[in-house]
Amino acid sequence: MTVIKLTNTKTRKKEVFEPIDRNNVRMYVCGPTVYDRAHIGNARPVIVFDVLYRLLRHVYGPDHVTYVRNFTDVDDKINARAAESGRSIREITDETTQWYLDDMRAVGALDPNEMPRATEYIGAMIEMIEGLIDKGHAYAAEGHVLFAVESYEKYGALSGRSIDDMIAGARVEVAPYKRNPMDFVLWKPSSEDQPGWDSPWGYGRPGWHIECSAMSYELLGESFDIHGGGNDLMFPHHENEIAQSCCAHGHEHDGGGFANFWLHNEMLQVEGKKMSKSLGNFFTVRDLLDGHDGMAGVPGEVIRFVFLSTHYRKPMDWTAEKAEQAKATLTKWWDLTAPLDTHEFAPSEKFLAALCDDLNTPAAIAELHRLAKEKDLVALQSGLELIGLAEPITFGQGSLGVGVSIETLGLANRIAAKWMAYRTAKDFSQADALKKEASNLGVELTVTKENNVQSATATINGAPSVQDLEGLL
RNA sequence: GGCGAGUUGGCGGAGUGGUUACGCAGCGGAUUGCAAAUCCGUGUACACCAGUUCGAUUCUGGUACUCGCCUCCA
């Protein structure tokens with residue numbers, strides 16, 4: 001059996017991954033709050049955990065992995081967005097949810113098995129909060145319900161902080177109804193014009209954090225294998241999830257239950273700096289895909305490749321240069337594997353070993369380079385497939401003629417043949433003229449040589465019209 | 001102030017207690033009507049200072065710098 005090792009934030013060590021139930025490996029990843037387009041940083045955990053999902057499916061079988069990623073569709077940012085735009089909350093969350101799915105699919109992410117919306121689990125959240133109050137881990141005060149951090153002795157264990165240290169940081173909101181400044185909100189009152197639900201504590205809405213505890217419990221149970229997200233979520237979000245879930249399910253002392261493995265990806269930077277609107281280096285996944293600020297669009301698989309070329313626990317810098325290199329490499333590999341007509345799946349040992357070693361995708365990619373060099377095309381193709389880069393997703397009119405009609409492709413090939421004929425006849429002036437005209441239409445003619453036989457290849461870069469191409473014949 | 005991560009050749013980026021990562025770029029060569037592609041060859045890098053060791057880029061301690069989190073954030 002293949003051994004997967006993962007760095008567990010809980011222990012800060014790389015550990016052998018052993019699922020609770022091999023027949024149902026369970027993973028929960030914190031999804032987006034749906035109030036706006038996902039920015040490029042949001043795509044990192046999606047891609048990282050997508051690779052892990054694919055690896056788990058490979059190792060344990062596609063039917064033996066359950067991957068849950070939620071949509072948080074109740075949040076004050078959404079309320080604010082609704083208020084300023086005059087649109088309904090549902091309209092905004094529905095639209096943003098669809099955008100998110102579109103954008104993440106574009107970077108090659110498989111849909112998780114379950115994508116629960118927080119608003120569909122309000123009942124479960126209320127139930128969980130009631131249980132916490134009954135057990136003395138939470139208290140109601142002025143229409144709010146707060147989690148009492150002092151009731152959970154291991155609070156802070158994940159992020160390595162003590163309650164005292166955090167209070168010393170003095171950056172917490174101190175509300176008069178809090179027993180401890182670090183206590184966090186489980187439920188808060190809503191006014192008439194805010195979204196809300198009836199609860200034992202009056203009309204209100206859930207605080208941040210509780211939705212993930214409720215949904216993971218409903219869909220994966222009290223204990224599951226992996227919980228993932230960006231490392232900025234480690235505190236307070238994941239810390240609070242742990243406190244709520246462990247206390248709700250009788251693990252307030254042993255610290256057991258809930259997720260066995262906590263995985264956190266490092267942050268993304270853009271051109272060496274933290275992405276921010278004021279620096280002008282902020283962009284969404286959609287901006288990148290479609291092109292923005294005068295820059296050409298970057299295909300989804302190129303974005304994916306760039307992300308995977310840095311280990312997930314290291315800060316990653318997004319640069320235009322990396323995107324170019326990635327594109328060149330992918331194009332080269334696809335050209336190599338395109339003629340393969342086998343569906344044989346046989347990734348190399350080294351490739352698998354790299355992935356299994358804490359998802360070392362850069363090392364895995366290095367192995368793919370080696371396979372490409374040695375022309376081990378089945379292993380190359382299999383490796384690409386395993387990390388979701390086997391075939392173009394949004395490449396458009398690329399060098400492979402993807403997205404180009406058969407008719408256009410046929411015409412381009414006829415032009416290539418005509419060019420070759422001129423060359424064979426040593427009529428280089430005619431050949432060069434044809435090559436130039438074709439180039440103007442976005443069709444590049446090049447010579448390839450195999451077994452001492454020369455042949456011409458047409459590469460379609462633009463979107464030439466059929467009429468124009470016929471004009472060259 | 002507290003917690004944590006990082007510092008590898010021109011760039012990107014793995015890894016290791018002693019021997020070539022790898023990719024891109026560069027350089028030399030082959031091939032080539034031109035061009036591209038391709039092929040061959042080519043680079044003794046591991047922030048700094050101590051310590052452990054026969055030997056450290058790799059382990060330990062410290063210094064410097066960078067970055068993230070502690071407030072919404074992946």
Side-chain angles (χ1 to χ4, degrees), chain A residues 7 9 12 29-33 35-36 38-49 69 72 75-78 80 156 158-173 182 208 228-239 264-269 272-276 285 305-317 319 321-322 324-326 328-329 331-332 335-336 350 354 357-358 360-373 399 422-424 426-429 431-432 435-436 439 444-450 452 454 456-457 459:
Chain A
T7 299
T9 308
R12 317 218 166 229
V29 173
C30 291
T33 298
Y35 68 103
D36 204 352
H39 65 244
I40 177 168
N42 296 121
R44 195 170 187 196
V46 173
I47 292 171
V48 164
F49 292 107
R69 187 183 63 212
T72 296
D75 184 275
D76 288 353
K77 285 194 291 289
I78 302 171
L158 181 75
S159 52
R161 313 154 191 246
S162 71
I163 293 174
D164 290 345
D165 285 346
M166 288 186 273
I167 293 170
R171 295 175 79 172
V172 290
E173 177 201 358
M182 289 311 297
W208 187 36
N231 75 357
D232 54 340
L233 289 181
M234 212 160 94
F235 186 89
H237 187 54
H238 290 162
E239 200 72 72
H264 291 98
N265 61 276
E266 252 294 344
M267 298 293 102
L268 180 111
Q269 299 185 311
K273 295 194 170 141
K274 180 177 176 165
M275 183 165 59
S276 76
V285 175
F305 191 99
V306 171
F307 277 35
L308 295 183
S309 60
T310 296
H311 188 91
Y312 77 92
R313 285 192 298 104
K314 285 207 169 182
M316 199 207 93
D317 194 18
T319 64
E321 194 190 336
K322 282 185 181 178
E324 268 175 48
Q325 274 193 23
T329 304
T331 305
K332 193 167 87 179
D335 280 337
L336 279 173
K350 274 181 81 175
D357 182 14
D358 199 25
N360 193 340
T361 49
I365 287 171
E367 168 67 0
L368 294 183
H369 277 293
R370 193 187 66 81
L371 294 170
K373 197 170 188 174
S399 67
Y422 283 134
R423 287 170 48 89
T424 309
K426 305 256 184 225
D427 190 348
F428 295 120
S429 58
D432 287 350
K435 182 178 174 177
K436 190 156 189 294
S439 174
E444 300 302 332
L445 299 172
T446 53
V447 176
T448 50
K449 197 167 108 177
E450 201 163 334
N452 269 330
Q454 290 197 350
T457 305
T459 304

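Throughout, protein chains are lettered first and strands after them, A, B, ... in sequence-line order, and every chain is numbered starting at 1.
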Determine, step by step, whether A:R313 and A:D358 satisfy the side-chain contact (heavy atoms from CB on, under 4.5 Å) criterion, reporting the C-alpha distance in whole Å, the side-chain angles of both residues, the deciding distance to 0.1 Å, and the verdict. CA-CA 9 Å; A:R313 285 192 298 104; A:D358 199 25; 3.0 Å; yes

Output, in order, the C-alpha distance, side-chain angles, deciding distance and verdict of side-chain contact (heavy atoms from CB on, under 4.5 Å) for A:D36 and A:K77. CA-CA 9 Å; A:D36 204 352; A:K77 285 194 291 289; over 6 Å; no

Might you work through the side-chain contact (heavy atoms from CB on, under 4.5 Å) test for A:K350 and A:L371, ending with a clear yes or no? CA-CA 10 Å; A:K350 274 181 81 175; A:L371 294 170; over 6 Å; no

Which is it for A:Y312 and A:T7 under the side-chain contact (heavy atoms from CB on, under 4.5 Å) test, yes or no, and what are the steps along the way? CA-CA 11 Å; A:Y312 77 92; A:T7 299; 4.1 Å; yes

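Residues satisfying the salt bridge (Lys or Arg N to Asp or Glu O under 4.0 Å) criterion with A:R12, sequence neighbours excluded, are absent altogether. Applying the side chain to side chain donor-acceptor pair (under 3.5 Å) test to A:Q269 and every residue at least two apart in sequence or in another chain returns nothing. Partners of A:H264 according to the side chain to side chain donor-acceptor pair (under 3.5 Å) rule, which considers only residues two or more places apart in sequence or in another chain, are A:T9, A:H238. Take A:K332 and apply the salt bridge (Lys or Arg N to Asp or Glu O under 4.0 Å) test, not counting sequence neighbours, and it matches no residue. Remark: A:D232 engages no residue in a salt bridge (Lys or Arg N to Asp or Glu O under 4.0 Å) (not counting sequence neighbours). For A:E239, the side chain to side chain donor-acceptor pair (under 3.5 Å) test picks out A:S159, with sequence neighbours left out. Remark: A:R44 pairs with no residue by the side chain to side chain donor-acceptor pair (under 3.5 Å) rule, at least two apart or across chains. Checked against ring pair (Phe, Tyr, Trp, His ring centres under 6.0 Å), A:F305 has the following partners two or more places apart in sequence or in another chain: A:W333. Under the salt bridge (Lys or Arg N to Asp or Glu O under 4.0 Å) criterion, A:D432 pairs with no residue at all, not counting sequence neighbours.
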Polar pairs (N or O, both sides) under 3.5 Å between protein and nucleotides 6-8 of chain B?
from	atom 1	to	atom 2	distance (Å)
B:U7	OP1	A:K314	NZ	3.3

Protein N or O to nucleotides 72-74 of chain B N or O, pairs below 3.5 Å:
from	atom 1	to	atom 2	distance (Å)
B:C72	O2'	A:K77	NZ	2.3
B:C73	OP1	A:W208	NE1	3.4
B:A74	OP1	A:N42	ND2	3.0
B:A74	O5'	A:N42	ND2	3.2
B:A74	O2'	A:G230	N	2.4
B:A74	O2'	A:D232	OD1	3.3
B:A74	N7	A:H39	NE2	3.2
B:A74	N1	A:L268	N	2.9
B:A74	N3	A:G41	O	3.3

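Atom CD of A:E321 and atom P of B:A25 are 10 Å apart (whole Å). In this structure, the OH atom of A:Y312 is 13 Å from the P atom of B:A5, given to the nearest Å. Whole-Å rounding puts the A:D357 CG to B:G15 P distance at 7 Å. A:M234 has its CE atom 14 Å from the P atom of B:U71, to the nearest Å. Distance A:K373 NZ to B:C40 C1': 10 Å, rounded to the nearest Å. Distance, A:M316 CE to B:G68 P: 15 Å, rounded to whole Å. When the C1' atom of B:A36 is taken as reference, atom CG of A:L445 falls 11 Å away, rounded to whole Å. In this structure, CD of A:E239 is placed 13 Å from C1' of B:G4, rounded to the nearest angstrom.
Remark: A:K322 is in phosphate contact with B:G13, judged by side-chain N or O atoms under 4.0 Å from OP1 or OP2. Proximity of A:T310 to the phosphate of B:G13: a side-chain N or O atom is located under 4.0 Å from OP1 or OP2.
Among the protein residues, A:K435 comes within range of the nucleic acid bases, having at least one heavy atom under 4.0 Å from a base atom. Here A:R12 lies in heavy-atom contact (under 4.0 Å) with sugar-phosphate atoms only. No contact: A:K436 has no heavy atom under 4.0 Å from any strand.
B:C46 and B:U20 have their P atoms separated by 16 Å, given to the nearest Å. Between B:U57 and B:U44, the two C1' atoms lie 12 Å apart (nearest whole Å). Atom name P, nucleotides B:C22 and B:U42: the rounded distance is 11 Å, in whole Å. When the C1' atom is compared between B:G1 and B:G61, the two are found 24 Å apart, to the nearest whole Å. With both ends at atom C1', the span from B:U52 to B:G62 equals 15 Å, rounded to whole Å. For the P atom pair drawn from B:A47 and B:U8, the interatomic distance equals 7 Å after rounding to whole Å. Going from the C1' atom of B:U7 to that of B:G13 covers 14 Å, rounded to whole Å. With both ends at atom C1', the span from B:U31 to B:C39 equals 8 Å, rounded to whole Å.
Atom NZ of A:K322 has more than 12 neighbouring heavy atoms from other residues, nucleotides or ligands inside a 6.0 Å radius.
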Which string of ( ) [ ] | and . matches RNA chain B, if you list each base 5' to 3' and count Watson-Crick or G-U pairs only when both distances are under 3.5 Å? (((((((..(((.....[...))).(((((.......)))))....(((((..]....))))))))))))....

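Nearest-nucleotide positions on RNA chain B for A:S159 and A:S429 put A:S159 closer to the 5' end. With RNA chain B read from its 5' end, the first of the two nearest nucleotides for A:A431 and A:H311 is the one closest to A:H311.
If you check distances only, the side chain of A:D432 does reach the base of B:G33 with a donor-acceptor pair under 3.5 Å.
Side chain of A:A363, nearest nucleotide from B:A14, B:C24, B:G33: B:A14.
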